[in-house]
*Asks:* 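Attaching a single structure in structure tokens format; questions to follow.
Bear in mind that the values here come from a model prediction, so they are computed numbers and not experimental data.
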Amino acid sequence: MENDPLINLKGMSLEEYSYLKQVIAGMNPRQAQNFVMFYSDRRKDPQEILLFTLLGFLGVAGIQRFITGQMGMGILYFLTLGLCFIGTIVDIVNHKSITLEFNRKAAYESAQLVKIMSNQGAENPS
């Protein structure tokens, strides 16, 4: 546990931690550190998504969808006041799953970036 690169990520659920352990399972320590660096810049905190969702009750509905990369849903929420606030209420209840889905995509993209960097390093040894 003392060399766990994921330990520095704050506010991580057990489900997210388990998923990230699977992602970094085949990486060497340097790749794992690079992964954590890229992933920590991209990941979202569930509390942050909850706060943006609550802004939907102030007339700025859909911000949480824009932040999580769901542009179409964000526009729909914005134009319909969060689907007449029903979608906003559903998102308040589901904010953790919305965040986890986004974070899984961010982890996958970060892992792919680390693989690309590792392949380029192997091709161009300095």
*Asks:* Between Leu51 and Leu58, is there a shared hydrophobic cluster once you connect ILVMFWY residues whose side-chain heavy atoms come closer than 4.5 Å?
*Replies:*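 Per the 4.5 Å side-chain linkage, Leu51 and Leu58 are not co-clustered.
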*Asks:* What's the shortest heavy-atom distance between Leu50 and His95, and which atoms?
*Replies:*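 Smallest interatomic distance, heavy atoms only, reads CB-CD2, 3.7 Å.
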*Asks:* Quick one: does Met37's side chain get under 4.5 Å of Asn34's, heavy atoms only?
*Replies:*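 Yes. Closest side-chain heavy atoms under 4.5 Å.
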*Asks:* Would you say Val114 and Val23 are hydrophobically clustered, going by side-chain heavy atoms of ILVMFWY under 4.5 Å?
*Replies:*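 Cluster IDs for Val114 and Val23 match.
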*Asks:* A side-chain contact here means heavy atoms from C-beta on lying under 4.5 Å apart; do Leu20 and Met12 qualify?
*Replies:*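 Heavy-atom side-chain distance check passes, below 4.5 Å.
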*Asks:* Do Leu6 and Val36 touch side chain to side chain, with heavy atoms closer than 4.5 Å?
*Replies:*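 Result yes, sub-4.5 Å side-chain heavy-atom pair found.
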*Asks:* Roughly how far, to the nearest 0.5 Å, is CG of Asn94 from CD1 of Ile49?
*Replies:*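 That separation rounds to 13.0 Å.
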*Asks:* Between Asp45 and Lys10, is there a side-chain N and carboxylate O pair less than 4.0 Å apart?
*Replies:*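 Not counted as a salt bridge, because no side-chain N and carboxylate O are separated by less than 4.0 Å.
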*Asks:* For Ile75, which residues count as a side-chain contact (heavy atoms from CB on, under 4.5 Å) partner, sequence neighbours excluded?
*Replies:*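 Only Phe66, Leu79 meet the side-chain contact (heavy atoms from CB on, under 4.5 Å) criterion with Ile75.
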*Asks:* Treating Ile, Leu, Val, Met, Phe, Trp and Tyr as nodes and any side-chain heavy-atom pair under 4.5 angstrom as an edge, say whether Ile89 and Leu83 lie in one connected cluster.
*Replies:*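 Result: no, two separate clusters.
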*Asks:* Side chains of Ser110 and Arg42: closer than 4.5 Å at any heavy-atom pair?
*Replies:*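 Counting from C-beta outward, Ser110 and Arg42 do come under 4.5 Å.
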*Asks:* Can you tell me if Gln31 uses its side chain to pair, donor with acceptor, with the backbone of Asn28 under 3.5 Å?
*Replies:*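 Yes, because the side chain of Gln31 sits within donor-acceptor range (under 3.5 Å) of the backbone of Asn28.
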*Asks:* If I take atom CD1 from residue Ile98 and atom CE from residue Met73, how far apart are they, to the nearest 0.5 angstrom?
*Replies:*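 If we round to the nearest 0.5 Å, Ile98:CD1 and Met73:CE are 8.5 Å apart.
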*Asks:* With the side chain counted from C-beta on, respond yes when Phe102 and Gln70 share a heavy-atom pair under 4.5 Å apart, and no when they do not.
*Replies:*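 When only atoms from C-beta onward are counted, Gln70 and Phe102 do not touch, as no gap falls below 4.5 Å.
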*Asks:* For a quick test of reading the model, state the closest non-hydrogen atom pair linking Gly11 to Pro46 and the distance between them.
*Replies:*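 Here Gly11 and Pro46 meet closest at O-CD, 4.3 Å.
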*Asks:* To the nearest 0.5 Å, tell me how far Arg65 CZ sits from Leu76 CG.
*Replies:*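 Arg65 CZ to Leu76 CG: 9.5 Å, rounded to 0.5 Å.
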*Asks:* If you look at every heavy atom in Thr88 and Gly56, which pair is closest and at what distance?
*Replies:*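 Nearest pair, atom of Thr88 first, then Gly56: CG2-CA, 4.2 Å.
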*Asks:* Working to the nearest 0.5 angstrom, can you tell me the gap between Lys44 NZ and Gln64 CD?
*Replies:*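 With rounding to 0.5 Å, NZ (Lys44) is 13.0 Å from CD (Gln64).
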*Asks:* Would a 4.5 Å heavy-atom cut-off, applied to side chains only, mark Thr68 and Thr99 as touching?
*Replies:*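 Of all side-chain heavy-atom pairs linking Thr99 with Thr68, none is under 4.5 Å.
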*Asks:* Which heavy-atom pair separates Ala61 from Leu81 by the least distance, and what is that distance?
*Replies:*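 Closest approach of Ala61 to Leu81: CB-C, 3.8 Å.
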*Asks:* Check whether Leu9 and Ile24 end up in the same hydrophobic cluster, where Ile, Leu, Val, Met, Phe, Trp and Tyr are linked by side-chain heavy atoms less than 4.5 Å apart.
*Replies:*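 Yes, one cluster joins them.
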*Asks:* Do Phe35 and Tyr17 sit in one hydrophobic cluster, given that two such residues count as connected whenever their side-chain heavy atoms are within less than 4.5 Å of each other, even indirectly?
*Replies:*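 Hydrophobic grouping puts Phe35 with Tyr17.
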*Asks:* Once rounded to the nearest 0.5 Å, what's the spacing between atom OG1 of Thr80 and atom CZ of Phe85?
*Replies:*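 The CZ atom of Phe85 is 10.0 Å from OG1 of Thr80, to the nearest 0.5 Å.
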*Asks:* State, yes or no, whether a side-chain contact exists between Tyr39 and Asn103 at a heavy-atom distance under 4.5 Å.
*Replies:*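 In contact.
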*Asks:* Is any side-chain N of the basic residue among Glu16 and Arg43 closer than 4.0 Å to the acidic one's carboxylate O?
*Replies:*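 Yes, Glu16 and Arg43 are salt-bridged.
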*Asks:* What I'd like to find out is whether the side chain of Arg104 reaches to under 4.5 Å of the side chain of Glu15, using heavy atoms alone.
*Replies:*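 Yes. Closest side-chain heavy atoms under 4.5 Å.
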*Asks:* Is it true that Lys105 and Glu101 have a side-chain N and a carboxylate O under 4.0 angstrom from each other?
*Replies:*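 A salt bridge is present here (some side-chain N lies under 4.0 Å from a carboxylate O).
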*Asks:* Can you tell me how far OH of Tyr77 sits from CG of Asp91, rounded to the nearest 0.5 angstrom?
*Replies:*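 That separation rounds to 3.5 Å.
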